[in-house]
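To start, the structure under review is shown below, and the notes come after it.
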Amino acid sequence: MLGTTTVGAGQCATTEMTILLPINKIETWIANDGYIDLKFVPNMVAGSPVLSINNICGGSKIEVSITYETDISNAVKKSYSIDGGPSILLTGRDSVDFRLGTGTHTITFFAEDCATNKSSCAIQVDVKDKTSPIIACPSKISTVLSKGVCMDTIPIPINFQVTEYCAGNRTYNQISPASNEAGGISFALNANTNLYEARNKQIVFSNVFPIRFVTNPVYLEIQFFGDNNEAGEYFEILGPGGYVIGNTAIQSENVSCSALSVTRFEIPFQVFNTWIANKTVTILAVPKNGNDGINPCKPLANGQTIDNTSYIKGILRYSDHSFTISSSGATVFANQNILNDIVTHPIVLNGGTNILTLTTTDLAGNTGTCTFEVEVLDLEAPIAKCKNAVVNLEPTGLVNIAITPEMINNGSQDNCQITTMKTIPSEVNCSQANTDIEVQLIVEDKHGNADTCISLVKLKPYEIKPTYTSGLCSNDTLKLFANLPTASIPGTYSFRWDDQVILSSLQKIPRYQMQMKVIMVYMCSRFLGLMVVYPWVQFLSTLNH
């Protein structure tokens, strides 16, 4: 019961009334068939028919209008495009999910009513990647230097993994065929049905590379324009070896050849890698023929195979990473590029601990690094070479004389570099004068490898060379000298000179043998004679020492 009509001002009067209908009632009434049925029941006055509604006015009628707002989505054709690409139909959807890469994208929405009036609007979506790639570096590598060298070429295995949520810095993005004309679908006449049906279409992608460092899938998009609006009008997409990728989508348009079918697939990277042959991957599109099948958009003349309208194309997108490598520690060098698609990267490294740093970036410029060690072991010992030596001792006994490696080293060598040389014993003193001792030379490289050799060292006492001076006259003073080094402590030396006259048998010239004795208070003493020749007849018997 919605209500009752109002009573007019007189017979055959016209009245109007408004009734508000609950929206839930409207939705219920039109849910099944889209119709609203209203029933008007005349008021019958029992016992007084003249007071009821009678047919005395002529042309009596009831008119009803119902007004409410409606959702026009069913009456408007909606579509969208991304970055100026093909228009994709939106059917029965209030929202749409986009797969957008990093960067700024323009999404344009189109609306067209049944009278072909059109309108559009565009929005920009800026997708930013702020996450750096994560490199899982290799474990520590240990290797041994080749004999006789201090640096070696070390093959670094290129087999690490990268965690990347977007796209790496090595990308593949190719459309094939490159144009709609090249992607044209060829048709053949079916003699049984007398209809032209689509043929298989190969989609070839060249210059592909394997995915080695990430686990992200490969994205394949198939665009099919043509007879694609009814069940069965699709292409089955196959990978090499008959691998079933999937089917192209069916458009819900009532008219064939009016909308582009866009279907996206994800292919596991392991599967994709097996498809590559000579840097090429071939995708096969097989039409689902039979019954009506996929037919040309325009009638074909005898001998004609394409309608210049229907086409099918593929877009292949994926990414991987390229790297640079640098080193510190035993070997230092700045970033150098690692070639793509190699198994090992040869690097010349010095012996010792080398700290290698791998660096990569993603498509947004975010940088990821990791470090690992390469220990290049030097197991080759140096070769110690000795020579004999003579050491002159210091006379005072206060100072020990050092036996340095340079005194007995005779060209010791190492494949790298000798960093330490020492002698045992490393010093001697005058108490060891006039003896020969064995001295051990120990040579060691920077990696702890060592070798030894033995040298025979003669220890000579300090050579004393006394001298004298005198005048020409008989009463001049005789001056005697000793060539001793200056001592750090006063009184270290004491001297005694003894004289003895020796007559020459031939010339009868008296010669005086002067013997000097040097007494070192602390350790060592030495005697040495000095012949003084004086042509004097008489010589003082007393010497002032």
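Note that the coordinates shown come from a computational prediction; the quantities given were computed from them, not determined experimentally. Only heavy atoms go into these numbers, but all of them, side chains included; no hydrogens, no water, no symmetry mates.
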Hey, mind stepping through Glu197 and Asn190 against side chain to side chain donor-acceptor pair (under 3.5 Å) and telling me if it holds?
-> CA-CA 7 Å; Glu197 297 177 341; Asn190 186 327; 3.2 Å; yes

Which residue pairs satisfy the salt bridge (Lys or Arg N to Asp or Glu O under 4.0 Å) criterion with at least one member in residues 255-265, sequence neighbours excluded?
-> Glu221-Arg264

Carefully, step by step, assess Leu356 and Glu373 under the rule side-chain contact (heavy atoms from CB on, under 4.5 Å).
-> CA-CA 6 Å; Leu356 300 185; Glu373 291 184 2; over 6 Å; no

CG/Asp126: more than 12 non-hydrogen atoms of other groups inside 6.0 Å | yes

Heavy-atom closest pair (Pro268 atom, Glu266 atom, distance to 0.1 Å) is CD-O, 4.0 Å

How about Leu316 and Phe272: do any of their side-chain heavy atoms sit closer than 4.5 Å?
-> yes

Could you tell me whether Arg170 and Asp341 have a side-chain N and a carboxylate O separated by less than 4.0 Å?
-> yes

Heavy-atom nearest pair, Thr282 first then Thr280, reads OG1-CG2, 4.1 Å

Strictly by modelled atom types, are Asp378 and Asn415 linked by a side-chain donor-acceptor pair under 3.5 Å?
-> yes

Start with the C-alpha distance between Asp152 and Ser146, add both sets of side-chain angles, then the distance that settles side chain to side chain donor-acceptor pair (under 3.5 Å), and finish with yes or no.
-> CA-CA 7 Å; Asp152 225 340; Ser146 301; 2.8 Å; yes

Within the distance-only criterion (no hydrogens, no angle test), does the side chain of Gln304 pair as donor or acceptor with the backbone N or O of Leu300 below 3.5 angstrom?
-> no

If only atom types and distance count, is the side chain of Asn335 paired as donor or acceptor with the main-chain N or O of Thr324 below 3.5 Å?
-> no

Full working for side-chain contact (heavy atoms from CB on, under 4.5 Å) between Thr361 and Asn366 = CA-CA 5 Å; Thr361 58; Asn366 302 302; over 6 Å; no

Side-chain heavy atoms of Cys150 within contact of Gln417, under 4.5 Å = no

For residues 200-209, tabulate all N or O donor-acceptor pairs below 3.5 Å that involve a side-chain atom, not counting sequence neighbours.
{"unit_1": "Lys201", "atom_1": "NZ", "unit_2": "Ala182", "atom_2": "O", "d": "3.1"}
{"unit_1": "Lys201", "atom_1": "NZ", "unit_2": "Gly184", "atom_2": "O", "d": "3.1"}

Once the angle between the rings of Tyr80 and Phe109 is folded into 0 to 90°, is it parallel (under 30°), tilted (30 to 60°) or perpendicular (over 60°)?
-> tilted

For residues Asp414 and Val443, determine if any side-chain heavy atom of one lies less than 4.5 Å from a side-chain heavy atom of the other.
-> no

Hey, could you give me the CD/OG1 distance between Glu164 and Thr360, rounded to the nearest 0.5 Å?
-> 8.0 Å

Ile19 CD1: over 12 foreign heavy atoms closer than 6.0 Å | yes

Smallest heavy-atom separation, Gln11 atom then Ile56 atom, equals OE1-CD1, 3.2 Å

I would like to know whether Phe235 and Phe224 meet ring-ring contact (aromatic ring centres under 6.0 Å, His included); could you show each step before the answer?
-> CA-CA 9 Å; Phe235 279 89; Phe224 167 33; 5.0 Å; yes

Quick one: pull up CD in Gln413 and CG in Asp445 and give me the separation to the nearest 0.5 Å.
-> 12.5 Å

Using a 4.5 Å cut-off on heavy atoms from C-beta on, say whether the side chain of Ile158 contacts that of Phe213.
-> yes

Salt-bridge contact Glu63-Lys61 (side-chain N to carboxylate O under 4.0 Å) | yes

Glu16 CD: over 12 foreign heavy atoms closer than 6.0 Å = no

Does the pair Thr353 and Glu375 meet the rule for a side chain to side chain donor-acceptor pair (under 3.5 Å), with working shown?
-> CA-CA 5 Å; Thr353 301; Glu375 186 75 23; 2.4 Å; yes

In this structure, CZ of Arg199 is separated from OG of Ser186 (nearest 0.5 Å) by 4.0 Å

Distance col, row Thr371:OG1 vs Ile325:CD1, nearest 0.5 angstrom, shows 11.0 Å

Within the side chain of Ser48, is there an N or O that forms a donor-acceptor pair under 3.5 Å with the backbone of Val45?
-> no

Identify the heavy atoms of His345 and Asn337 that sit nearest to each other, and give their distance.
-> CE1-O, 3.7 Å

Rounded distance [0.5 Å steps], CG in Asn340 versus OG in Ser322 | 3.5 Å

Residues Ile283 and Gly239: closest non-hydrogen pair is CD1-CA, 4.3 Å

Does Phe372 reach the side chain of Leu358, with side-chain heavy atoms less than 4.5 Å apart?
-> yes

Pairwise side-chain contact, His321 with Ile135, heavy-atom cut-off 4.5 Å (strictly under) = no

Partner set under side chain to side chain donor-acceptor pair (under 3.5 Å) for Asn273, not counting sequence neighbours = none

Are side-chain N/O atoms of Lys313 and Asn180 paired as donor and acceptor at under 3.5 Å?
-> yes

Residue Met17 excluded, over 12 heavy atoms near CE under 6.0 Å | yes

Assess the pair Tyr35 and Trp29: is the distance between their ring centroids shorter than 6.0 Å?
-> no

Do Pro296 and Ile185 come close enough that some side-chain heavy atom pair is under 4.5 Å?
-> no

Taking all non-hydrogen atoms of both residues into account, name the closest pair between Val343 and Arg212 and its distance.
-> CA-NH2, 4.2 Å

Polar contact flag, side-chain donor to acceptor under 3.5 angstrom, Ser87-Ser79 = yes

Answer yes or no: are there more than 12 heavy-atom neighbours, outside Asn24 itself, under 6.0 Å from its atom CG?
-> yes

I would like to know whether Phe98 and Ile82 meet side-chain contact (heavy atoms from CB on, under 4.5 Å); could you show each step before the answer?
-> CA-CA 9 Å; Phe98 299 109; Ile82 300 175; 3.6 Å; yes

Tell me, do Cys166 and Asn216 make a side-chain contact under 4.5 Å, heavy atoms counted?
-> no

To the nearest 0.5 Å, atom CG of Leu349 lies from atom OG1 of Thr331 at 4.5 Å

